[in-house]
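The chains referred to below are lettered A, B, ... by the order of the sequence lines, with proteins before strands, and numbering in each begins at 1. Here the structure is a predicted model, which means the values were calculated and not measured.
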2 protein chains.
Amino acid sequence: MYLKNNIRRLLVYRQCLLKLKELGFEVIYSYNLGREASVSPEQVRKDFSKFGIKGKRKAGYEIDHLLEALDIIFKKDKDQNVILVGMGNIGKALSNYKGFAQHKIVICAAFDIDPSKQTKSYKIPVYPVEDISRIVKMYHVKIAIIAVPKPAAQEVCNRLIASGIQGIINFSPTNLKHPKNIFINNIDLANEMESLIYFTLNQ
Amino acid sequence: MYLKNNIRRLLVYRQCLLKLKELGFEVIYSYNLGREASVSPEQVRKDFSKFGIKGKRKAGYEIDHLLEALDIIFKKDKDQNVILVGMGNIGKALSNYKGFAQHKIVICAAFDIDPSKQTKSYKIPVYPVEDISRIVKMYHVKIAIIAVPKPAAQEVCNRLIASGIQGIINFSPTNLKHPKNIFINNIDLANEMESLIYFTLNQ
DNA sequence: TACATTTTGTTACTATTTTCACAATAAATT
DNA sequence: AATTTATTGTGAAAATAGTAACAAAATGTA
Ligand SMILES: NC(=O)c1ccc[n+]([C@@H]2O[C@H](COP(=O)([O-])OP(=O)(O)OC[C@H]3O[C@@H](n4cnc5c(N)ncnc54)[C@H](O)[C@@H]3O)[C@@H](O)[C@H]2O)c1
Ligand SMILES: NC(=O)c1ccc[n+]([C@@H]2O[C@H](COP(=O)([O-])OP(=O)(O)OC[C@H]3O[C@@H](n4cnc5c(N)ncnc54)[C@H](O)[C@@H]3O)[C@@H](O)[C@H]2O)c1
């Protein structure tokens, strides 16, 4: 079953629901949430329906109930440890970001090849790359972020996979070779800009 | 016509082609490129076909010809000026990045509400937000990047649109309200991590 | 030149996603 | 209690995307 867009939308709904809750709402209708998330009301209902999340006819959905259901889907009962490789521009930005905490995402360690980055002056400890395997095992880490220059990315990827990492966010603008049981989410910021430019300029 | 995935794949092909060219290839077959881009050969051919890009039966595609065709599709004949609002963690990372140049993307100015950021010590000039409209008009800027905290994002978005911006990359984790002729590409890094975690943990 | 081989380009097919339509039902109103 | 109204949940229809199959074309070979 192909659920990619579905999952992405659920995550958007989650953020909208937190916002709406903060604004004092306790119950929402599919069209409220749809308006907030830029999605059609039918799509909202179908997305919830696919995961067996129920509302009440005429009375909409209880926000707290939705958030609980989403927490179960996304396993938000405990923190998810993540490691970061490459303490450069992007790596530093990510390691400084406080917003991951409320998603229960914790960057528990970072790694860099440059000894001058391996200090305790960052918010998270920065180790040499040789320590990846040890730390991954120690903290049962499944997810890693690659934020190294393009020429180093494949080598880092291989090392991560050999250490037991199962999912990778890759910021380097290159398509990494990997076994098909490993998930890779490429975030290519230049391509994101280009595609925005394309759609903007072609009306 | 819904071309979103198509366009994204073309951008991936572009990066693969540049790499393959660097490795000395002059001609590639759909399966070479497909392997490099993690896409089926049929999909590669279909994508090109949709944009009228032709190869030669039995002789594949000339890399230079493909790159030229892609340059036309993505209007790479001249630099594309882009502005950046918010000179914090993400803003600084983006403004330091040298890789945009080879995509002909130029961050020509940045803006921040904090006077201490409005210095000439960054690689690009940082102005107060009141100057957005003036600079946008002066440089004919169509595209902006929002890298401000969530609570400021909508207000910044409104100002950008009022100044004539037509496309926005939004790093703040919120769904911006906007007229439908404006394109918004939301890059929500926490959600990207969450969706990777979802797919990784659900096998 | 005829024949075999390879690879594109496209059409037909399949799968998935989104939209539409409306019955079911809960709440509100008379 | 009956009626009206609003909203969900879902099955059917439409749109989109991706896969497979294969004829057409280019190249190589006997
Ligand atoms: N900065 C941006 O805004 C931006 C935008 C788009 C894409 N990217 C991509 O993101 C990646 C990181 O970009 P950046 O600007 O942070 O780069 P950067 O050069 O600032 O940082 C890279 C870091 O990786 C470390 N490193 C190099 N080789 C390593 C290895 N083998 N193992 C471990 N660490 C290693 C370096 O010491 C450095 O600290 C790059 O691939 C870049 O193309 C960055
Ligand atoms: N840093 C990350 O890794 C990361 C990860 C995910 C999401 N984000 C999101 O990206 C956005 C930026 O994150 P950051 O870490 O760079 O934040 P930051 O706090 O480091 O920087 C924000 C910058 O915006 C400026 N600013 C505030 N209000 C403004 C206004 N009204 N007009 C112009 N400038 C204004 C501030 O002065 C500051 O320089 C946030 O919305 C954040 O949620 C960041």
Side-chain angles (χ1 to χ4, degrees), chain A residues 1-13 16-17 20 25-70 73 175 180 186 195 198-199 202, chain B residues 1-13 16-17 20 25-70 73 175 180 186 195 198-199 202:
Chain A
M1 221 189 339
Y2 223 47
L3 289 170
K4 234 175 116 186
N5 297 347
N6 191 271
I7 291 296
R8 294 189 112 84
R9 281 193 302 268
L10 289 183
L11 291 164
V12 173
Y13 300 157
C16 295
L17 289 166
L20 290 165
F25 290 85
E26 291 180 357
V27 164
I28 44 108
Y29 303 124
S30 57
Y31 59 85
N32 300 132
L33 183 53
R35 177 153 11 91
E36 197 59 33
S38 305
V39 164
S40 74
E42 297 84 354
Q43 184 77 83
V44 170
R45 298 203 294 276
K46 203 114 216 210
D47 285 337
F48 285 150
S49 166
K50 193 164 256 168
F51 282 86
I53 299 174
K54 301 276 179 191
K56 256 195 187 158
R57 287 168 208 247
K58 178 101 193 210
Y61 299 85
E62 251 189 90
I63 290 185
D64 280 335
H65 174 241
L66 289 177
L67 287 171
E68 276 163 35
L70 291 170
I73 292 170
N175 201 283
K180 54 200 157 326
N186 292 303
S195 90
Y198 178 87
F199 289 112
N202 294 272
Chain B
M1 223 190 336
Y2 221 51
L3 290 170
K4 235 176 115 186
N5 297 347
N6 192 269
I7 290 296
R8 294 188 112 84
R9 281 194 301 269
L10 289 183
L11 290 164
V12 173
Y13 299 157
C16 295
L17 289 167
L20 290 165
F25 289 85
E26 291 180 357
V27 164
I28 42 107
Y29 302 124
S30 58
Y31 59 85
N32 300 132
L33 184 54
R35 176 153 12 91
E36 196 60 32
S38 306
V39 164
S40 74
E42 297 84 356
Q43 183 78 82
V44 170
R45 298 204 293 275
K46 199 136 203 203
D47 285 336
F48 286 150
S49 166
K50 193 163 256 168
F51 282 86
I53 299 175
K54 302 276 178 191
K56 256 195 188 157
R57 287 168 209 245
K58 177 106 192 207
Y61 300 85
E62 253 188 88
I63 290 186
D64 280 336
H65 175 240
L66 288 177
L67 286 171
E68 277 164 34
L70 291 170
I73 293 170
N175 202 284
K180 56 200 155 325
N186 292 304
S195 87
Y198 178 86
F199 289 112
N202 294 272

How many angstroms lie between atom CG of N6(B) and atom NZ of K50(B), to the nearest 0.5 angstrom?
5.5 Å
Check the distance between dG18(D)'s C1' and R9(B)'s CZ and give it to me in whole angstrom.
8 Å
Could you identify which residues of residues 61-68 of chain A place a heavy atom less than 4.0 Å from some atom of DNA chain D, listed by residue number, or say none?
Y61(A)
Can you sort out which residues in residues 25-39 of chain B have a heavy atom within less than 4.0 Å of DNA chain C? Ascending by number, please.
Y29(B), S30(B), Y31(B)
Expected string for nucleotides 22-30 of chain C under the B/S/- scheme (protein heavy atoms, under 4.0 Å, primed atoms plus P, OP1, OP2 as sugar-phosphate) is -BBBBB---
Separation between CG (L66(B)) and NZ (K54(B)), nearest 0.5 Å, reads 13.0 Å
Within this structure, what is the CD1-NE2 distance for the pair I53(A) and H65(A), rounded to the nearest 0.5 Å?
7.0 Å
Return the value, rounded to whole Å, for the distance between atom CG of N5(A) and atom C1' of dT16(D).
11 Å
Partner set under side-chain hydrogen bond (donor to acceptor under 3.5 Å, both in side chains) for E68(B), not counting sequence neighbours
none
Quick one: OH on Y198(A) to CG on L11(B), what's the gap to the nearest 0.5 Å?
10.0 Å
Could you state the atom-to-atom distance from CD1 of I53(A) to C1' of dG9(D) in whole Å?
13 Å
Residues which pass side-chain hydrogen bond (donor to acceptor under 3.5 Å, both in side chains) with S40(B), listed by chain and number, not counting sequence neighbours
E42(B)
A37(A): what forms a side chain to side chain contact (heavy atoms under 4.5 Å, CB included) with it, not counting sequence neighbours?
V12(A), Y13(A), C16(A), V39(A)
What's the spacing between R9(A) CZ and K46(A) NZ if we round to 0.5 Å?
11.0 Å
Distance in Å, N5(A) CG paired with Q43(A) CD, rounded so as to fall on 0.5 Å steps:
8.0 Å
Classify the nucleic acid contact of Q43(A) as base, sugar-phosphate or nothing, counting any heavy atom under 4.0 Å across all strands shown.
sugar-phosphate
For atom CZ of F51(A) and atom C1' of dG9(D), their distance in whole Å
16 Å
List the residues meeting side-chain hydrogen bond (donor to acceptor under 3.5 Å, both in side chains) with Y61(A), not counting sequence neighbours, and say none if there are none.
none
Show me the protein contacts with nucleotides 11-14 of chain D, counting only N or O atoms at under 3.5 Å.
unit_1	atom_1	unit_2	atom_2	d
dG11(D)	O6	K46(A)	NZ	3.2
dA12(D)	N6	K46(A)	NZ	3.3

Starting at atom CZ of R8(A), determine the distance to atom C1' of dT17(C), rounded to an integer number of angstrom.
15 Å
Please tabulate, for side-chain N and O atoms in residues 25-35 of chain A, each donor-acceptor pair with protein atoms closer than 3.5 Å (sequence neighbours left out).
unit_1	atom_1	unit_2	atom_2	d
S30(A)	OG	R45(A)	NH1	3.1
N32(A)	OD1	Y29(A)	N	2.8

E42(B) CD - dA15(C) C1' separation (whole Å)
15 Å
For S38(A), give me all partners under side chain to side chain contact (heavy atoms under 4.5 Å, CB included), at least two apart in sequence or on another chain.
N175(B)
Let me know the distance between NZ of K50(B) and P of dA17(D), rounded to the nearest Å.
6 Å
Return no unless some side-chain N or O of S49(A) is found under 4.0 Å from OP1 or OP2 of dG9(D).
no
Spacing of F48(A) atom CZ relative to dT8(D) atom C1', expressed in whole Å:
12 Å
